[in-house]
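In what follows, chains carry the letters A, B, and so on, assigned in the order in which the sequence lines appear, proteins first and then strands, with residues in each chain numbered from 1.
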Number of protein chains: 2
Amino acid sequence: MHTVQVKPQEIFQALADPTRIRIVRLLAETDEEACLCELVDSLLEPQYKLSRHVKALRQAGLLSAAKEGRWIYHRLVEGIPYLDRLYEALKVLPDVDGCFARDVESFRQRMCLREGGRCRIGIQTPELAAGGE
Amino acid sequence: MHTVQVKPQEIFQALADPTRIRIVRLLAETDEEACLCELVDSLLEPQYKLSRHVKALRQAGLLSAAKEGRWIYHRLVEGIPYLDRLYEALKVLPDVDGCFARDVESFRQRMCLREGGRCRIGIQTPELAAGGE
DNA sequence: TGCATACATGCGATATCATGCATGTATGCA
DNA sequence: TGCATACATGCATGATATCGCATGTATGCA
């Protein structure tokens, strides 16, 4: 089940980081699930960084993970009143520098590389993969 | 005006503290304004602590302040889409230990001490006033 | 004009967090 | 069975947050 007694402040703490907001907002706006390499290629942040942020969001109860072989698909936990309202808040956040719009656009293009609706490739931006460049 | 360019993560950071959540939730549920001494007597936290948290919420754009002589009334900034949705999320947060319910009850009782709708007394819990006990 | 009072804040101690680098784990394919 | 790869994490570091204590500022009243 979801609730492992997550304190309210832990939920907001999970969103108190620009990268984590980008992750949640991306998944909220597209209503999609994504594996880590897709997030890396969309947000253009290092693999280890997003891995940790995704973990933080999972521990806060915002994300659920589904393992499929080597890939792990992350999606928003939905159906919980206060979480659903948080997503709504995120979706109407101002996007002054167009960062969120770019994330969504990059993500949509990355989704085109799926085969049969599943990710079959890894990180397409080599300098963001483990080990750096 | 309101917006002094508050970054999204600063809004969530402002709510990433249990005391600040209590403040915002109290004002959201009661749709009231409150001065600092009323908050002290309701939340039963030291004056200097709430003063700082209120300041943090103001800097994040969640609270506005109206000075009336020695008293300063704080209320939620409303009418901004993502803020209004955040308040809605706060209002449906679980209250496992009954903390929020107690805050609201204490606040309602404290409001009975107003004269003409205005606070005319100071902190009624001496050990929480400046200087400690 | 001086005092009581509503609220603000400088300081130091402690704790938590995000990041980069490097490396570890686990899964599937040849 | 070994290698490539998708993802995870230990460690050190710098940044930031909270708190208690004490004190400072500003307003109104006697």
| query | Apart from Ile121(A) itself, which Ile, Leu, Val, Met, Phe, Trp or Tyr residues share its cluster (side-chain heavy atoms under 4.5 Å, direct or through members)? | reply | Leu113(A)
| Where do Leu63(A) and Val77(A) come nearest, in terms of heavy atoms and distance? | C-CG2, 3.7 Å
| query | When the distance from CD of Gln9(B) to P of dA15(D) is rounded to whole Å, what number comes out? | reply | 18 Å
| said: Just to be sure I understand the geometry, which residues of residues 29-38 of chain A put a non-hydrogen atom under 4.0 Å away from DNA chain D? | reply: Cys35(A), Leu36(A), Cys37(A)
| said: Rounded to whole Å, please give me the gap between CG in Asp17(B) and C1' in dA15(C). | reply: 14 Å
| said: Could you tell me how far apart Leu15(B) (CG) and dA17(D) (C1') are, to the nearest whole angstrom? | reply: 15 Å
| query | Once you round to the nearest 0.5 Å, how far does CG of Leu36(A) lie from CD1 of Ile72(A)? | reply | 8.0 Å
| Sub-3.5 Å donor-acceptor pair from the side chain of Gln9(A) to the main-chain atoms of Lys7(A), do we have one? | no
| Reported CD-to-CG distance for the pair Gln59(B) and Leu57(B), which is rounded to 0.5 angstrom | 9.5 Å
| Arg110(A) CZ to Cys37(A) SG distance, which is reported to the nearest 0.5 Å | 5.0 Å
| task | Can you run down the salt bridge (Lys or Arg N to Asp or Glu O under 4.0 Å) pairs that involve residues 77-86 of chain B, sequence neighbours left out, and say none if there aren't any? | result | Glu88(A)-Arg85(B)
| request: Please list all pairs passing the salt bridge (Lys or Arg N to Asp or Glu O under 4.0 Å) test where one or both residues lie in residues 11-27 of chain B, with sequence neighbours left out. | output: Arg22(B)-Glu45(B), Arg22(B)-Asp103(B), Arg25(B)-Glu29(B)
| query | Between the side chain of Asp41(B) and the main-chain N/O of Gln124(B), is any donor-acceptor distance below 3.5 Å? | reply | yes
| field | Within residues 62-74 of chain A or reaching into it, pairs that qualify as salt bridge (Lys or Arg N to Asp or Glu O under 4.0 Å) - sequence neighbours excluded | value | Glu68(A)-Arg118(A)
| remark: Atom CZ of Phe12(A) and atom P of dA17(D) are separated, to the nearest Å, by 18 Å
Under 3.5 Å donor-acceptor pairs involving side-chain atoms of residues 89-101 of chain B, not counting sequence neighbours:
unit_1, atom_1, unit_2, atom_2, d
Asp95(B), OD1, Gly98(B), N, 3.2
Asp95(B), OD1, Cys99(B), N, 2.9
Asp95(B), OD1, Phe100(B), N, 3.1
Asp95(B), OD2, Phe100(B), N, 3.3
Asp95(B), OD2, Ala101(B), N, 3.0
Asp97(B), OD1, Cys99(B), N, 3.3

| request: Taking Ser106(A) for its side chain and Arg102(A) for its backbone only, find out whether a donor-acceptor pair lies under 3.5 Å. | output: yes
| note | Parsed dot-bracket for DNA chain D after applying the Watson-Crick and G-U rules with both distances under 3.5 Å and | for other-strand partners is ||||||||||||||||||||||||||||||
| field | ILVMFWY cluster membership beyond Trp71(A) - transitive side-chain contacts under 4.5 angstrom | value | Tyr73(A)
| message | Measure NE2/His74(B) against P/dC7(C) and give the value in whole Å, please. | response | 7 Å
| From Ile23(B) atom CD1 to Leu15(B) atom CG, the distance as rounded to the nearest 0.5 Å | 10.5 Å
| field | By salt bridge (Lys or Arg N to Asp or Glu O under 4.0 Å) - contacts of Arg114(A) (at least two apart) | value | Glu38(A)
| remark: Here the distance between atom P of dA8(D) and atom CD of Glu45(A), to the nearest Å, is 16 Å
| message | Could you check whether the side chain of Gln47(B) and the base of dA8(C) have a donor-acceptor pair of N or O atoms closer than 3.5 Å, going by distance alone? | response | yes
Could you list the protein-to-nucleotides 25-29 of chain D atom pairs, N/O on both sides, closer than 3.5 Å?
unit_1, atom_1, unit_2, atom_2, d
dT27(D), OP1, Lys67(B), NZ, 2.6

| query | Which ones in residues 48-59 of chain B lie close to DNA chain C, meaning a heavy atom under 4.0 Å from one of its atoms? | reply | Tyr48(B), Ser51(B), Arg52(B), Lys55(B), Arg58(B)
| query | Rounded to whole angstroms, how far apart are CD1 on Ile21(A) and C1' on dA18(C)? | reply | 14 Å
| query | Among residues 108-125 of chain A, which contact DNA chain D at a heavy-atom distance under 4.0 Å? | reply | Ile121(A), Gly122(A), Ile123(A)
| task | Drop me the distance from Leu44(B)'s CG to Leu39(B)'s CG, to the nearest 0.5 angstrom. | result | 11.5 Å
